[in-house]
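Side chains included, hydrogens not; waters and symmetry mates left out as well; all remaining heavy atoms used.
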2 protein chains.
Amino acid sequence: MRMEDAAQVRETPLFSGMSEQVFDALTTGAFLQTFPPHVELFREGEAADFLYVVMDGMVELYAAWNNREAAITTVRPTGTFILAAVVRDACYLMSARTLGRCRLLMLPAASVRQALTSDHAFAIAMIDELSGCYRAAVKAQKNLKLRTGVERLAAYLLQTGTRSGASGFELPCDKRTLASLLGMTAENLSRAFATLRPYGVIVSGSTITLAAPDDLARLAKPAALIDDLDPAALGDG
Amino acid sequence: MRMEDAAQVRETPLFSGMSEQVFDALTTGAFLQTFPPHVELFREGEAADFLYVVMDGMVELYAAWNNREAAITTVRPTGTFILAAVVRDACYLMSARTLGRCRLLMLPAASVRQALTSDHAFAIAMIDELSGCYRAAVKAQKNLKLRTGVERLAAYLLQTGTRSGASGFELPCDKRTLASLLGMTAENLSRAFATLRPYGVIVSGSTITLAAPDDLARLAKPAALIDDLDPAALGDG
DNA sequence: TCAGCGAATTGATAAATATCAATCTTGAGG
DNA sequence: CCTCAAGATTGATATTTATCAATTCGCTGA
């Protein structure tokens with residue numbers, strides 16, 4: 001593993017307070033792998049052998065049941081995914097696939113568990129990380145239960161536009177995946193975009209422009225207890 | 001706090017590995033309160049002052065947005081709720097109200113955080129608890145995204161019936177709340193029950209009898225990665 | 001530049017779900 | 001036992017969402 005990569009991992013809050021010795025032990029047994037787009041990393045139900053850290057690219061976590069499939073969330077750098085399965089030595093609840101070309105760091109699950117028992121600061125950081133994951137999942141559930149599809153899209157666009165600081169931004173993934181993340185079909189995502197046109201939402205391929213964010217906000221009614229101005233509900237695992 | 005109550009709390013996995021000294025410090029500043037039904041304990045958005053432990057009764061966690069409301073989960077003895085807000089010193093994402101008469105132990109949030117930093121075993125137990133909460137929330141999200149309302153009810157009845165070990169059981173809360181937990185209106189819950197009648201689901205007030213669990217299972221298609229045979233997705237916070 | 005393929009959009013229709021209202025049922029209190 | 005209020009059911013209708021199919025769009029590779 002290159003020094004820049006180790007430094008990148010070391011900077012994330014989960015690993016930053018860890019002792020040097022424990023960090024070295026953890027990263028010594030790690031793998032850094034590059035994957036092309038659309039590669040399945042693991043399937044839900046499999047034993048959790050690794051904790052994954054996204055160094056580059058984006059990963060989709062999704063679930064399947066009865067010939068149906070739904071995206072649950074996406075993970076960007078330097079997010080980790082499948083944390084709970086690793087600490088519990090349980091199976092994965094979601095499958096994972098790369099959305100674009102990805103570089104992932106894979107930390108052996110047993111080493112992570114060992115590090116938790118030997119480094120109190122790491123355990124405290126893990127508590128912070130897991131509580132963040134849990135809160136994001138609660139927020140996603142609230143989003144699904146309290147809002148219609150159009151409202152969810154509106155909130156998502158407002159949040160993403162605000163975060164990008166520009167009136168125009170690129171959607172971070174293809175529309176089919178975005179639709180699934182928002183809990184709707186691709187057809188209904190197209191229709192929802194069309195519904196938001198009078199609210200200043202201009203769509204050109206994957207480029208979105210918010211020409212009237214105040215109008216859009218009046219429809220979306222953003223709520224700090226559901227939406228985030230930092231990467232969470234729809235961005236991190 | 002009575003010795004039986006302290007003993008009850010001490011037996012739960014979250015607190016059982018904690019040192020005697022830390023446990024005493026934690027419970028010394030605690031309050032044990034009895035509440036009648038339909039009492040609001042706190043509102044979403046408020047600062048998290050206490051970690052709650054259910055000693056008796058059942059608590060509903062719910063959320064509101066834009067004049068809409070949805071139940072998120074319920075908590076039974078000896079479950080805790082609002083764990084993530086406490087460890088993060090953040091606000092509550094959900095409101096809480098008693099469903100029936102409740103006896104709750106309230107542990108000061110600051111004491112809980114102090115205990116985490118001073119007792120490594122408690123931190124490890126907290127990681128286990130939080131990862132359980134997170135997994136339950138992911139499962140609930142999968143339930144909402146992958147199943148129709150009727151399917152969710154079928155799965156819930158199968159799970160609850162199986163857990164009770166009898167063909168007949170009592171619903172643990174009123175039907176309006178159950179409907180909201182399952183992500184539907186009370187009207188549609190009634191209709192869903194009627195839809196399940198040919199699958200052997202007999203409803204008499206709050207008493208449910210599963211006369212043909214195999215038929216019901218064929219409809220519900222229970223999945224270990226969504227449903228639980230232990231109290232989780234719809235039972236604990 | 002062109003062809004082909006996958007993504008996205010649009011249209012039609014069906015299914016799931018919510019809303020509103022009326023009626024029925026049940027449990028608590030007098 | 002009776003009354004009343006709240007919970008639940010049923011019916012009618014509207015809205016949201018999904019499914020299926022056809023068409024258009026955009027990107028990649030030859």
Write out a two-atom table: protein N or O, nucleotide N or O from nucleotides 3-11 of chain D, distance below 3.5 Å.
{"unit_1": "D:dA8", "atom_1": "OP1", "unit_2": "B:Lys175", "atom_2": "N", "d": "3.0"}
{"unit_1": "D:dA8", "atom_1": "OP2", "unit_2": "B:Arg176", "atom_2": "N", "d": "3.2"}
{"unit_1": "D:dT9", "atom_1": "OP1", "unit_2": "B:Lys175", "atom_2": "NZ", "d": "2.9"}
{"unit_1": "D:dT9", "atom_1": "OP2", "unit_2": "B:Ser190", "atom_2": "OG", "d": "2.2"}
{"unit_1": "D:dT9", "atom_1": "O5'", "unit_2": "B:Ser190", "atom_2": "OG", "d": "3.1"}
{"unit_1": "D:dG11", "atom_1": "N7", "unit_2": "B:Arg191", "atom_2": "NH2", "d": "2.8"}
{"unit_1": "D:dG11", "atom_1": "O6", "unit_2": "B:Arg191", "atom_2": "NH2", "d": "2.7"}

Separation of D:dT19 P from A:Met184 CE (nearest whole Å): 14 Å
Hits for ring pair (Phe, Tyr, Trp, His ring centres under 6.0 Å) against A:Phe42, two or more places apart or cross-chain, chain-then-number order -> A:Tyr52, A:Tyr92
Just how far, in rounded Å, is P of D:dG26 from CG of A:Leu171? 14 Å
Those residues that, when tested against B:Asn66, pass side chain to side chain contact (heavy atoms under 4.5 Å, CB included) (two or more places apart): A:Glu151, A:Lys221, B:Arg68
Between D:dA18 (C1') and A:Glu69 (CD): distance, integer Å: 16 Å
May I have the list of side-chain donor-acceptor pairs in residues 194-206 of chain B shorter than 3.5 Å, sequence neighbours left out?
{"unit_1": "B:Thr195", "atom_1": "OG1", "unit_2": "B:Arg191", "atom_2": "O", "d": "2.9"}
{"unit_1": "B:Ser206", "atom_1": "OG", "unit_2": "B:Glu170", "atom_2": "OE1", "d": "2.8"}

Using whole Å, what does the distance between atom C1' of nucleotide D:dT16 and atom CZ of B:Arg68 come to? 11 Å
How far apart are the C-alpha atoms of B:Phe169 and B:Leu157, what are their side-chain angles, what is the distance that settles it, and do they pass the side-chain contact (heavy atoms from CB on, under 4.5 Å) test? CA-CA 9 Å; B:Phe169 60 91; B:Leu157 294 177; 4.0 Å; yes
Who are the salt bridge (Lys or Arg N to Asp or Glu O under 4.0 Å) partners of B:Arg97, not counting sequence neighbours? B:Glu60, B:Glu69
Nearest whole angstrom, please: distance from the P of C:dT10 to the CZ of A:Arg197. 12 Å
Note down the inter-axis angle between the two ends of the helix from C:dT1-D:dA30 to C:dG30-D:dC1, five pairs each, to the nearest 10°. 40°
Which residues share a salt bridge (Lys or Arg N to Asp or Glu O under 4.0 Å) with B:Lys142, sequence neighbours left out: A:Glu44
Partners passing salt bridge (Lys or Arg N to Asp or Glu O under 4.0 Å) against A:Glu4 (at least two apart in sequence or in another chain): A:Arg2
Starting from P on D:dT16, measure out to CZ on A:Arg147 and report it in whole angstrom. 16 Å
Quick one: B:Glu151 CD to D:dA18 P, roughly how many Å, whole number? 14 Å
Applying side chain to side chain contact (heavy atoms under 4.5 Å, CB included), can you list everything that pairs with B:Thr98, at least two apart in sequence or on another chain? B:Phe35, B:Val39, B:Leu41, B:Cys102
Need one value for B:Thr185: base, sugar-phosphate or nothing, where a base atom within 4.0 Å counts as base even if backbone is also close, heavy atoms only. base
Length of the line joining A:Leu153:CG and D:dT17:C1', which is rounded to integer Å: 15 Å
